[in-house]
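Below is one structure, written out as structure tokens; comments come after it.
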Amino acid sequence: MDQDEGLTAVDNIVTQFNTYEDFLDSQITTVDLYYLEDESLARQLVELGYRGTGEIVKREDFEARKAAIDIARQAERTQKKTLTSTGKDLHDNFLKALAMREEDNRAGKLSLNQADTSQTHLFEQQLTTVIFIRDKNSHGQEVSGYIDYAHRLKSEDFEVYFNGKRRLLPRTTDMSFYNWDSHIAVCNSSPNYQVIADNPEGLLFKYKRDRKILNVDPKAQPGDNSTRIPIQTDLYTHAVLFDHVSRRKT
């Protein structure tokens, strides 16, 4: 049995039994109890591998996997509770696209159904999304900018955007902001991206984790492991999402 099969077997046992003693009891036969006349001794013999009717699992392996699975389940429940898009009746393509990416941008990892499952034992994959928006603000001024979605999710409550009470617009604190009326231009590096504003080819963003360059010029390729997705939306004059996937050996 290889390592992956061994882990699968242990996981199956851990999810089937609440305690290690319950697992040991499942390996004890009535014949064992008849001859040994001691349940504690019968458990010890199963644990040592001298008796039993199935897979041998060490106590430390059982308890370690049990704890790991419980932590993963708790983290999953907590993560689902924090998704502000959950249960919202979303009609616009832009909000639907953000909702699809909310969990991955919050968690910092790709969901299993999006990851390359053939490589999950070798690589950890992380998704971050850069949002471009161009539209008019509350003063009627045209503004545009690039937003680090993962950073914004951590710094503010997105429920007001998903329930339609407020529109998401670039701010002077985002990675880039430009007011087309006042000509105010601001650039800021975020926790995930370094802004390269003095590039002759135009604005670039360097992802800090893998140091890959994201090129937001619509006439250029977005870069390695990056995808440009224009969004047809009724909420904004122009909206584009840039998804970047980084991979790191585990």
Side-chain angles (χ1 to χ4, degrees), residues 84-85 90 92-102 104-108 126-246:
T84 51
S85 60
L90 306 175
D92 189 82
N93 293 330
F94 178 78
L95 294 179
K96 290 179 181 178
L98 291 190
M100 288 175 58
R101 292 161 172 80
E102 183 186 5
D104 291 327
N105 275 270
R106 281 190 185 279
Q126 183 177 46
L127 172 73
T128 57
T129 302
V130 173
I131 306 168
F132 173 78
I133 291 174
R134 180 171 178 171
D135 204 69
K136 291 185 176 181
N137 61 20
S138 58
H139 302 291
Q141 301 170 320
E142 188 167 5
V143 298
S144 64
Y146 293 89
I147 299 168
D148 181 342
Y149 185 30
H151 177 52
R152 274 277 207 120
L153 282 169
K154 292 179 180 179
S155 60
E156 66 176 303
D157 184 1
F158 258 64
E159 188 161 6
V160 293
Y161 303 123
F162 285 118
N163 62 21
K165 292 183 178 180
R166 190 184 303 169
R167 290 190 312 137
L168 178 66
L169 286 172
R171 299 172 178 169
T172 55
T173 53
D174 284 313
M175 292 198 299
S176 82
F177 172 87
Y178 184 64
N179 186 310
W180 293 79
D181 291 13
S182 65
H183 303 292
I184 294 175
V186 182
C187 289
N188 308 282
S189 292
S190 75
N192 297 306
Y193 287 91
Q194 175 186 344
V195 178
I196 304 175
D198 56 354
N199 180 65
E201 298 178 2
L203 190 64
L204 302 174
F205 301 114
K206 180 190 289 185
Y207 186 52
K208 294 180 178 180
R209 178 172 174 173
D210 62 9
R211 304 185 66 83
K212 298 287 187 181
I213 298 295
L214 171 63
N215 190 335
V216 295
D217 184 347
K219 298 179 181 179
Q221 292 297 318
D224 292 343
N225 305 326
S226 296
T227 308
R228 182 180 188 273
I229 306 105
I231 305 295
Q232 295 294 326
T233 172
D234 295 327
L235 298 178
Y236 303 98
T237 302
H238 191 194
V240 180
L241 300 183
F242 296 87
D243 287 336
H244 178 73
V245 176
S246 65

Close aromatic pair by centroid cut-off 6.0 Å: Tyr149 and Phe158: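 Yes: the rings meet the under 6.0 Å criterion.
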
Minimum side-chain heavy-atom gap [X]-[Y] below 4.5 Å:
X      : Y      : result
His139 : Asp181 : no
Leu98  : Leu241 : yes
Thr84  : Tyr161 : no
Ile131 : Tyr146 : no

Set of residues satisfying salt bridge (charged side-chain N to carboxylate O under 4.0 Å, His left out) with respect to Lys154, sequence neighbours excluded: none

Which residues share a salt bridge (charged side-chain N to carboxylate O under 4.0 Å, His left out) with Arg166, sequence neighbours left out: none

Working to the nearest 0.5 angstrom, can you tell me the gap between [X] [atom1] and [Y] [atom2]?
X      : Y      : atom1 : atom2 : value
Ile147 : Met175 : CD1   : CE    : 8.5 Å
Asn105 : Leu153 : CG    : CG    : 6.0 Å
Leu169 : Arg134 : CG    : CZ    : 13.5 Å
Leu214 : Asn225 : CG    : CG    : 11.0 Å
Asn192 : His151 : CG    : NE2   : 8.5 Å
Thr129 : Phe242 : OG1   : CZ    : 11.0 Å

Do any N or O atoms from the side chain of [X] and from the backbone of [Y] form a donor-acceptor pair under 3.5 angstrom?
X      : Y      : answer
Asn179 : Ile184 : no
Arg228 : Val240 : no
Lys136 : Thr237 : no
Asn188 : Asp174 : yes

Taking atom [atom1] as the centre, does [X] end up with more than 12 heavy-atom neighbours from other residues, nucleotides or ligands that are less than 6.0 angstrom away?
X      : atom1 : value
Lys206 : NZ    : yes
Lys212 : NZ    : no
Asp157 : CG    : yes

We want to know whether [X] and [Y] form a side-chain donor-acceptor pair, criterion being a heavy-atom distance below 3.5 angstrom.
X      : Y      : answer
Thr128 : Tyr193 : yes
Asp92  : Thr233 : yes
Asn137 : Gln141 : yes
His244 : Asp210 : yes

Verdict with supporting geometry, His183 and Tyr178, side-chain contact (heavy atoms from CB on, under 4.5 Å): CA-CA 7 Å; His183 303 292; Tyr178 184 64; 2.9 Å; yes

Looking only at heavy atoms, which two atoms of Ser190 and Lys208 are closest? And how far apart?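 That closest heavy-atom pairing would be O-NZ, 2.7 Å.
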
What residue among Ser144, Pro170, Cys187 forms side chain to side chain contact (heavy atoms under 4.5 Å, CB included) with Phe177? Pro170

Once the angle between the rings of Phe132 and His238 is folded into 0 to 90°, is it parallel (under 30°), tilted (30 to 60°) or perpendicular (over 60°)? perpendicular

Is the ring pair Phe94/Tyr236 parallel, tilted or perpendicular, if the boundaries are 30 and 60 degrees? perpendicular

